[in-house]
Visitor: 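Quick one: this structure, given as structure tokens, is what I'll be asking you about.
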Amino acid sequence: MDSSNISVTCRTCGRQANAGSFVLDPDFKKMVCPACVKDKRSRLEKDRRDKEKLKNHLESLADKPIGWDAEDEYLEKVAKPKPKESIELSFPSAGEGKAKYKCPKCSFPFVYDINRRKPSVCPYCSDPIRKFVIKN
Ligand SMILES: [Zn+2]
Ligand SMILES: [Zn+2]
């Protein structure tokens, strides 16, 4: 008996196909009929074309920045994190009304005069003095 002449139903698509024409497909991870393989190929081809189309679309957007600015600005507003005022810094005391401040930006340590509010910025990187608490 020649098995290649037996028609069997494909478990993937339900179509009938010649038993001998079934192939083990690495994507389906099972035996599928030639129609399934064809379907898969055309689907992959379509995916590729869709990606190509999207790419072209994005490139055309880059070429013509009409309406792009507004969206850009919107995205920037959404993405921009709020100023981190809530971070509670704490530094040890450096005597009466003074603190051993350490710049959170550049880690430069210096003595901050709380009463005179000096210096007003980090002497090293000019980062404004943040709110902090004295903690010994
Ligand atoms: Zn099939
Ligand atoms: Zn600094």
Side-chain angles (χ1 to χ4, degrees):
M1 186 169 87
D2 186 358
S3 68
S4 65
N5 286 328
I6 298 172
S7 208
V8 289
T9 306
C10 171
R11 285 202 203 169
T12 303
C13 68
R15 277 176 289 211
Q16 297 264 318
N18 198 307
S21 65
F22 274 71
V23 290
L24 180 64
D25 189 279
D27 291 316
F28 288 109
K29 291 185 177 63
K30 57 185 164 186
M31 300 296 282
V32 292
C33 72
C36 277
V37 175
K38 221 175 127 196
D39 281 356
K40 189 189 78 175
R41 288 222 182 101
S42 62
R43 204 171 55 234
L44 288 176
E45 180 64 20
K46 192 182 165 295
D47 275 4
R48 199 187 60 76
R49 276 203 306 270
D50 283 353
K51 272 187 195 133
E52 193 78 9
K53 235 189 266 174
L54 182 69
K55 189 168 156 279
N56 288 340
H57 178 63
L58 290 176
E59 273 167 10
S60 71
L61 274 181
D63 283 347
K64 295 170 211 155
I66 300 160
W68 182 253
D69 283 357
E71 194 181 355
D72 223 14
E73 207 173 295
Y74 170 74
L75 286 174
E76 203 173 302
K77 264 180 208 160
V78 170
K80 201 175 264 179
K82 283 174 185 160
K84 287 175 181 171
E85 275 290 334
S86 58
I87 287 184
E88 203 167 280
L89 295 166
S90 65
F91 301 108
S93 169
E96 190 65 36
K98 285 178 178 153
K100 285 176 187 157
Y101 190 92
K102 194 172 171 195
C103 176
K105 200 171 160 190
C106 71
S107 299
F108 181 77
F110 55 93
V111 173
Y112 176 72
D113 189 318
I114 297 160
N115 296 329
R116 288 164 57 220
R117 295 176 184 230
K118 294 272 177 189
S120 57
V121 295
C122 167
Y124 192 80
C125 74
S126 301
D127 191 58
I129 301 297
R130 316 286 175 91
K131 282 180 185 164
F132 67 92
V133 292
I134 299 279
K135 208 185 255 179
N136 279 310

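Counting starts at 1 for both ligands and their atoms, in listed order. Predicted model only: the values in this text are computed from it and were never measured.
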Visitor: When you compare the side chain of Lys102 with that of Ser107, does any pair of heavy atoms fall below 4.5 Å?
Guide: yes
Visitor: Can a salt bridge be assigned to the pair Glu52 and Arg49 using a cut-off of 4.0 Å between side-chain N and carboxylate O?
Guide: no
Visitor: Hey, does Val8 have a side-chain heavy atom less than 4.5 Å from the side chain of Gln16?
Guide: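 Not touching, per the 4.5 Å side-chain cut-off.
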Visitor: For the Zn ion (ligand 1), report each protein N, O or S atom nearer than 2.8 Å, sorted by chain and then by residue number.
Guide: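 As for protein N, O or S atoms lying under 2.8 Å from the Zn ion (ligand 1), they are Cys10 SG, Cys13 SG, Cys33 SG, Cys36 SG.
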Visitor: Would you check if Asp50 and Lys46 make a side-chain contact, meaning some heavy-atom pair closer than 4.5 Å?
Guide: yes
Visitor: Indicate the atoms forming the closest heavy-atom contact of Leu89 with Arg130, along with that distance.
Guide: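 Reported closest heavy-atom pair: CD1-CB, 3.4 Å.
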Visitor: Just distance, no hydrogens or angles: give the donor-acceptor pairs under 3.5 Å from side chains in residues 32-42, sequence neighbours left out.
Guide:
from, atom 1, to, atom 2, distance (Å)
Asp39, OD2, Arg15, NH2, 2.8
Lys40, NZ, Asp25, OD1, 3.2
Lys40, NZ, Asp25, OD2, 2.8
Lys40, NZ, Asp27, OD2, 2.8
Ser42, OG, Lys38, O, 3.4
Ser42, OG, Asp39, O, 2.9

Visitor: Give me each pair satisfying ring-ring contact (aromatic ring centres under 6.0 Å, His included) with a member in residues 113-136, each pair once, sequence neighbours excluded.
Guide: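 For residues 113-136, and leaving out neighbouring residues, the ring-ring contact (aromatic ring centres under 6.0 Å, His included) pairs sorted by first residue read Phe91-Phe132, Tyr101-Phe132, Phe108-Tyr124, Tyr112-Phe132.
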Visitor: Tell me, which protein N/O/S atoms are under 2.8 Å away from the Zn ion (ligand 2)?
Guide: Cys103 SG, Cys106 SG, Cys122 SG, Cys125 SG
Visitor: Any side-chain heavy-atom pair from Cys122 and Ser126 closer than 4.5 angstrom?
Guide: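 Not in contact.
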Visitor: Taking atom CD of Glu96 as the centre, report whether more than 12 heavy atoms of other residues, nucleotides or ligands fall under 6.0 Å from it.
Guide: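 It does not: Glu96 CD has 12 such atoms or fewer within range.
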